[in-house]
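The model shown is predicted, which means the values in this text are computed figures rather than measured ones.
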Amino acid sequence: MIGALALPALALASSGGGSALPGGSPIDSGSGSGTSQATGSSNAIRNTDTGTSIQNGNLTVSSTGNGITLVTRASTMLRNQLSFSGTAASSQAGQTVEIERLGHQTNWKWAPTVQATIGSDGSFSARWHTNHIGRFSIRARFVGNTSSYAASASPTVTVTVYRQSIATEYGDGFWGHKTACGQTLKRSTIGVANRTLKCGTQVALYYHGRTMIVPVIDRGPYANHADWDLTVATDNAMGIDGTATIGAVSLPQQPSGS
């Protein structure tokens, strides 16, 4: 039975401390001097055999720098509305704030995403109709007379946009066999099969508020119109039972020096 994703599209509901998303350091966000945090219970579960962490994806992330505080969600789905809100000094009322993103889709360069106008009380809000998947650094900066504000100190957070996909489970009957990527499949093996992604490609998964990052270890699936085949251990870690609709996105690495 196809399961629901249960990922709010618009709400900025707080879900306490902890990393917004698993899998180590986020993509380079410019190393700004602003401070950032994630709110919501992380409820991290770590598989000591594989080093894989399951974490809460329904987090609100925020960052402060250059006199701006930026708030948004850590996870969303493609074609959903992603809300941004924040504050600046009331003296900045009428100023335009540019929300920019950086990731593989933007060729690792900052790209305009949406703009907002600071109100008389110093607050601003904007919505991005997500039209690209990927993991992005998101920052907010003033537009116009900004000579006293360094872009590198702009508030920056990390957001992942997932594509809705069908995932099936595999493993039974193949224990001890080699995968197409040369790995011996065990009951404890964490990973996914995909028809085209290179072996070892890191893939972020989302299901019912849980997120994890796993490697591509095999080829497939080739039936049931599925996009991904998850190992039994991956299914169990994510709380999936059989076939389900999940969020998924590959995570290309930023080239060094870019």
Checklist line | Reported OH-to-CD1 distance for the pair Tyr207 and Ile54, which is rounded to 0.5 angstrom | finding: 13.5 Å
Check: Between Phe136 and Thr160, is any pair of side-chain heavy atoms under 4.5 Å apart?
Finding: no
Notebook entry, point to check: Going only through I, L, V, M, F, W and Y residues with side-chain contacts under 4.5 Å, is there a path from Val232 to Leu230?
Noted result: no
Check: Are Ile190 and Phe174 co-members of a hydrophobic cluster defined by side-chain heavy atoms under 4.5 Å apart?
Finding: no
Next item on the list: Check whether any side-chain N or O of Thr156 sits under 3.5 Å from a backbone N or O of Ser154 as a donor-acceptor pair, and report yes or no.
Entry: yes
Notebook entry, point to check: If every non-hydrogen atom of Ala180 is compared with every non-hydrogen atom of Asp218, which pair is closest and at what distance?
Noted result: N-OD1, 2.9 Å
Checklist line | Donor-acceptor under 3.5 Å (Arg195 side chain, Pro221 main chain) | finding: yes
Next item on the list: Over all heavy atoms of both residues, which pair between Val192 and Val203 is shortest? Give the atoms and the distance, please.
Entry: CG2-CG2, 4.3 Å
Next item on the list: Indicate yes or no: at least one non-hydrogen side-chain atom of Thr189 is less than 4.5 angstrom from one of Gln183.
Entry: yes
Check: What are the two closest heavy atoms between Gly239 and Arg210, and how far apart are they?
Finding: N-NH1, 3.9 Å
Notebook entry, point to check: Considering residues, nucleotides and ligands other than His129, do more than 12 of their heavy atoms fall under 6.0 Å from its NE2?
Noted result: yes
Margin query: So, taking the atom named CE in Met77 and the one named CD in Gln164, what distance separates them when rounded to the nearest 0.5 Å?
Written below: 7.0 Å
Next item on the list: Examine Leu185 and Leu197 and state if one hydrophobic cluster contains both, with Ile, Leu, Val, Met, Phe, Trp and Tyr joined whenever side-chain heavy atoms are less than 4.5 Å apart.
Entry: no
Next item on the list: Looking only at non-hydrogen atoms, find the nearest pair between Ile68 and Pro155 and report the distance.
Entry: O-CG, 3.6 Å
Notebook entry, point to check: Is there a chain of hydrophobic side chains (I, L, V, M, F, W, Y, each step under 4.5 Å between heavy atoms) that links Ile217 to Met238?
Noted result: no
Notebook entry, point to check: Sequence neighbours excluded, which residues qualify as side-chain hydrogen bond (donor to acceptor under 3.5 Å, both in side chains) partners of Thr168?
Noted result: Asp229
Note to self: Donor-acceptor check, side chain of Thr211 to backbone of Gln55, threshold 3.5 angstrom: yes or no?
What the structure shows: yes
Next item on the list: Decide yes or no on side-chain contact (heavy atoms from CB on, under 4.5 Å) for Ile240 and Ile246, but give the supporting numbers first.
Entry: CA-CA 9 Å; Ile240 300 172; Ile246 66 170; 3.8 Å; yes
Item checked: Main-chain N/O of Arg127 paired to Ser83 side chain as donor or acceptor, under 3.5 Å -> no
Notebook entry, point to check: Would you call Thr184 and Lys178 a side-chain contact if the rule is heavy atoms closer than 4.5 Å?
Noted result: yes
Check: Is there a donor-acceptor pair closer than 3.5 Å between any side-chain N or O of Asp227 and the backbone N or O of Ile166?
Finding: yes
Next item on the list: Check for a donor-acceptor pair, side chain of Asp235 on one end and backbone N or O of Asp241 on the other, with a separation under 3.5 Å.
Entry: no
Note to self: Test of understanding: with side-chain hydrogen bond (donor to acceptor under 3.5 Å, both in side chains), list the residues that count as partners of Thr69, not counting sequence neighbours.
What the structure shows: Thr64
Check: Only one of Thr158, Leu82, Thr60 clears side chain to side chain contact (heavy atoms under 4.5 Å, CB included) with Thr72; which?
Finding: Leu82
Item checked: CD on Gln254 to OG on Ser137, rounded to 0.5 Å -> 8.0 Å
Notebook entry, point to check: Between the side chain of Thr130 and the main-chain N/O of Asn80, is any donor-acceptor distance below 3.5 Å?
Noted result: yes
Note to self: I need the Ile133 CD1 to Ser250 OG distance, nearest 0.5 Å.
What the structure shows: 6.0 Å
Next item on the list: Taking all non-hydrogen atoms of both residues into account, name the closest pair between Tyr162 and Ala204 and its distance.
Entry: CE2-O, 3.6 Å
Checklist line | Main-chain N/O of Cys199 paired to Thr201 side chain as donor or acceptor, under 3.5 Å | finding: no
Checklist line | All salt bridge (Lys or Arg N to Asp or Glu O under 4.0 Å) counterparts of Glu100, not counting sequence neighbours | finding: Arg139, Arg141
Checklist line | Main-chain N/O of Lys109 paired with Asn107 side-chain donor or acceptor, under 3.5 Å | finding: no
Next item on the list: Please tell me if the side chains of Ser85 and Phe124 come closer than 4.5 Å, counting only heavy atoms from C-beta onward.
Entry: no
Check: Would you say the side chain of Ile118 lies within less than 4.5 Å of the side chain of Phe142, judging by non-hydrogen atoms?
Finding: yes
Note to self: I want to check something: taking the side chain as every heavy atom from C-beta on, are Met212 and Thr234 in contact at a cut-off of under 4.5 Å?
What the structure shows: yes
Checklist line | Distance, nearest 0.5 Å, that separates CZ of Arg135 from CD of Gln202 | finding: 10.0 Å
Next item on the list: May I have the step-by-step check of side-chain contact (heavy atoms from CB on, under 4.5 Å) for Val249 and Val161, ending in yes or no?
Entry: CA-CA 8 Å; Val249 60; Val161 181; over 6 Å; no
Check: Taking the side chain from Asn224 and the backbone from Ala226, do they hold a donor-acceptor pair closer than 3.5 Å?
Finding: no
Notebook entry, point to check: Got a sec: does the CZ of Arg219 have more than 12 other heavy atoms crowding it under 6.0 Å?
Noted result: yes
Checklist line | Gap separating the CZ atom of Arg187 from the OG1 atom of Thr231, nearest 0.5 angstrom | finding: 12.0 Å
Note to self: Could you report the tightest heavy-atom contact between His132 and Arg101, atom names first, then the distance?
What the structure shows: CD2-NH2, 3.4 Å
Next item on the list: State, with a plain yes or no, whether a side-chain heavy atom of Trp228 is found less than 4.5 Å away from one of Val214.
Entry: no
Check: Does the side chain of Leu102 come within less than 4.5 Å of Trp108's, by heavy atoms?
Finding: yes
Check: Is the Trp128 ring parallel, tilted or perpendicular to the Phe84 ring (thresholds 30°, 60°)?
Finding: parallel
